[in-house]
Amino acid sequence: MEEQILIFDSHTHYTDSAYDEDRDALLSSLPEKGVVRCMVAAYDMESAVGSVQLAERYPHLIAAVGVHPECTEVPGDYLLQLEQLAKHPRVKAIGEIGLDYHYDGYDPDFQKKIFREQLALAEKLRLPVILHCRDAMGDMLEILRECRPKQGVMHCFSGSAESAREVIALGLHIGFTGVLTFKNARKPLEALAQVPLDRLLIETDCPYMAPVPYRGKRCDSTMLTEVVAVMAREKGVSTQEIGRITAENAAALFACPLD
Ligand code: NI
C-alpha cells in the first residue's frame, strides 16, 4: 500500500455556511485521510469567534483571528476584541489581514489603516500573520517593508515570480492553493519556482479554489493531494516529501507541533 501523504492545510474557512450540513462528519473524518492539521482563518469578527470555537472542538484544528480587507467597517473596539480572542491557546496567528483592491468601491486608506493596526497587534502578541493580497502587491510590499512582521505567510499567492522573491526576502512563507493545478497556472508555477522548500505551504482556502479535477465543487482539505502532486513534479521530490516538508513548515510557523 502506498504511504499516506501528510497534509497540513494552512488556510481553510470551515466556519463557512457551505459546511453547515455536514461540518462535524467532514472535520471528524479528516485525520484518517492524512489531514493532520488545518488552520481555520477568520475574515471578520463573527468568523473570528467561530474559528476559535472550531479549534476548541477539534484537536486537529487551530485558529487565526483577524479582519479581512473586504470588511468595510469594524467595531470601534475591534482590536481589543481580537486581542481577547487571540489569548486563547488554540489561536496561532492573526489573519487573514491585508489589502484587496479587486472589488468595486474599495477604500485603500481604510484597508491600510486596519492592516497596519492588525500587524501591530500581531507584533505585540508575538503571533505570525496570515496575509491576503489581491491586486495590491505594490502597497502590500511597501507596508511589509515598513512594518517587518517577524513571521507570516502570504496566502493564496497570486503574484509574479519577482514578487515571490521579494516576499521570501522579507522572511515570509508563501502558500499555494488549487490554482496551481489549473490549466492557466503558468504564473503561479513561475512563482512556485522561486520559493525554497523551507518556505512553502499548501492550502485549500476552502470552500473555494477546489483543485482540478474537483473544480466547481465544494473544496475540502483532502483535495490537497492534487496540489501536492503538482509541487512534487515541479520541485522534483516525492509527494510524501512535499507533504512532510509543508506540514513541518506550517507546524513551525504556527508553533503547533504535529504530535
Ligand atoms: Ni481565505
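Indexing begins at 1, ligand by ligand and atom by atom, following the structure's order.
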Worksheet item: Under 4.5 Å between any side-chain heavy atoms of H11 and C156, yes or no?
Response: no

Name all residues meeting the side-chain contact (heavy atoms from CB on, under 4.5 Å) criterion together with [X]; count only those two or more places apart in sequence or in a different chain, and write none if there are none.
X    : result
E226 : T181, P211, P213, Y214
A250 : F8, L201, F254
T15  : V40, Y43, S47, S51, L54

Discussion item. Please check if the number of heavy atoms outside E162 that lie under 6.0 Å from its CD is greater than 12.
Written reply: no

Item to complete: Anything under 30° is parallel, anything over 60° is perpendicular, the rest tilted; go ahead and classify Y101 against Y106.
Response: parallel

Worksheet item: Protein N/O/S atoms under 2.8 Å of the Ni ion (ligand 1)?
Response: H11 NE2, H13 NE2, E96 OE2, D205 OD1

